[in-house]
Amino acid sequence: MLMRTDPFRELDRFTQQVFGTAGTWSKPAAMPMDAYRAGDEFVVCFDLPGVAPDAIELDIERNVLTVKAERRPLPGGDDVQMQVSERPLGVFSRQLFLGDTLDTDHIKAGYEAGVLTLRIPVAEKAKPRRIEIAGSQSDRREIQA
C-alpha cells in the first residue's frame, strides 16, 4: 500500500498547535493513523476522538481511499463560558493509495472509542499459492517411483 506524502504535514500540525487553527473543507488538517497487515487483511486505524460517526465520510475511487471527518463544536448557549479550549475543531482528511493487491470491494469499517478502523482484505490474486508443474505421464511415474 502506498500513502500520499505531504512534506508540509508536520509544519501544518505545528501551526495548528501554536495558533489553534484547524482544518477547513478546502484545506483539511491531517489525522493520525496506524496501518498494519494481520493475516489476510490490511488494517488501518484513524484517531478521530470527539467526532460523531455521522460526521465521517469514506470514499473510494480508482484505488484511492479518502477519509474525511469533521469535529464540530459542543452545543452551547449564552450561559456557557469556555475556560480552556485545546481540542481543535474543523475538518480532518487523509488519502491512501491502495495497491491492486487489496480487495477494495470488501472493505469493512468500524468506529469505536474515537478510533475508525478499516479492514481491507488482501485480494485472492495476491495471496501466495502453489503452482503445480505439468509434465508427461512417463515423467511423473519416474519421479514418483
Side-chain angles (χ1 to χ4, degrees), residues 1-136 139-140 143-144:
M1 182 177 98
L2 300 175
M3 290 183 282
R4 170 178 276 172
T5 58
D6 183 1
F8 299 105
R9 189 171 77 136
E10 291 301 317
L11 181 62
D12 287 343
R13 187 166 40 176
F14 175 73
T15 318
Q16 179 181 348
Q17 288 174 345
V18 172
F19 297 111
T21 60
T24 63
W25 282 104
S26 60
K27 176 109 173 79
M31 63 185 81
M33 66 169 238
D34 290 334
Y36 57 93
R37 183 172 175 167
D40 286 341
E41 21 178 50
F42 199 77
V43 182
V44 185
C45 301
F46 297 93
D47 278 351
L48 296 169
V51 176
D54 64 340
I56 301 171
E57 294 179 12
L58 290 173
D59 296 309
I60 190 156
E61 183 178 342
R62 294 186 180 166
N63 286 3
V64 177
L65 174 72
T66 303
V67 180
K68 224 174 207 184
E70 181 178 15
R71 184 178 298 129
R72 299 175 181 140
L74 296 172
D78 293 336
D79 61 338
V80 175
Q81 294 178 351
M82 184 61 73
Q83 300 299 311
V84 177
S85 179
E86 294 180 350
R87 296 177 8 176
L89 303 175
V91 180
F92 302 87
S93 180
R94 195 78 184 250
Q95 283 191 323
L96 303 176
F97 291 93
L98 305 178
D100 292 333
T101 59
L102 298 175
D103 185 1
T104 58
D105 292 332
H106 295 96
I107 296 175
K108 294 177 188 166
Y111 186 64
E112 185 178 340
V115 178
L116 174 66
T117 302
L118 304 179
R119 297 187 176 279
I120 310 165
V122 174
E124 287 298 321
K125 66 181 180 180
K127 292 180 182 176
R129 62 188 183 281
R130 189 171 195 135
I131 300 170
E132 190 173 321
I133 301 171
S136 67
D139 291 342
R140 286 189 188 167
I143 293 172
Q144 292 176 357

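For the single chain, residues carry numbers from 1 onward in sequence order. Since the model is a prediction, treat every value here as computed from it, not as a measurement.
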Non-neighbouring partners of Arg72 that pass side-chain hydrogen bond (donor to acceptor under 3.5 Å, both in side chains), sequence neighbours left out: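 If we apply the side-chain hydrogen bond (donor to acceptor under 3.5 Å, both in side chains) test to Arg72, skipping adjacent residues, there are no hits.
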Residue list, salt bridge (charged side-chain N to carboxylate O under 4.0 Å, His left out) with Asp34, at least two apart or on another chain: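 Expected list: none.
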Residue pair Met33, Val44: steps toward the side-chain contact (heavy atoms from CB on, under 4.5 Å) verdict: CA-CA 7 Å; Met33 66 169 238; Val44 185; 4.2 Å; yes
Point-to-point distance, once rounded to the nearest 0.5 Å, from NZ of Lys108 to OG1 of Thr117: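 So the gap between those two atoms works out to 13.0 Å.
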Reported CD-to-CZ distance for the pair Glu70 and Phe92, which is rounded to 0.5 angstrom: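 Going from CD on Glu70 over to CZ on Phe92, the span is 9.5 Å.
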Residues that Pro73 engages under side-chain contact (heavy atoms from CB on, under 4.5 Å), provided they are two or more places apart: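 If we apply the side-chain contact (heavy atoms from CB on, under 4.5 Å) test to Pro73, skipping adjacent residues, the hits are Leu89.
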side-chain contact (heavy atoms from CB on, under 4.5 Å) partners of Ala38, counting only residues at least two apart: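 Residues passing side-chain contact (heavy atoms from CB on, under 4.5 Å) with Ala38: Tyr36, Val43.
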Tyr111 side chain vs Leu48 backbone, donor-acceptor pair below 3.5 Å: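 Here the side-chain-to-backbone pair exists.
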Exam field: side chain Arg94 to backbone Met31, donor-acceptor pair closer than 3.5 Å: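 Side chain of Arg94 to backbone of Met31, a donor-acceptor pair under 3.5 Å: yes, one is there.
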Criterion side-chain contact (heavy atoms from CB on, under 4.5 Å) on Leu118 and Phe46, from CA distance to verdict: CA-CA 9 Å; Leu118 304 179; Phe46 297 93; 3.7 Å; yes
I need the minimum non-hydrogen distance between [X] and [Y], along with the two atoms involved.
{"X": "Gly39", "Y": "Arg37", "value": "O-NE, 3.0 Å"}
{"X": "Leu116", "Y": "Ile56", "value": "CD2-CG2, 4.0 Å"}
{"X": "Pro121", "Y": "His106", "value": "CD-O, 3.3 Å"}

Side-chain donor/acceptor pairs under 3.5 Å, residues 59-67, sequence neighbours excluded:
from	atom 1	to	atom 2	distance (Å)
Asn63	ND2	Leu98	O	3.4
Asn63	ND2	Asp100	OD1	2.9
Thr66	OG1	Gln95	NE2	3.1

Please output the side-chain donor-acceptor pairs of residues 75-84 that fall under 3.5 Å, not counting sequence neighbours, one pair per line with the distance.
from	atom 1	to	atom 2	distance (Å)
Gln83	NE2	Gln81	O	3.3

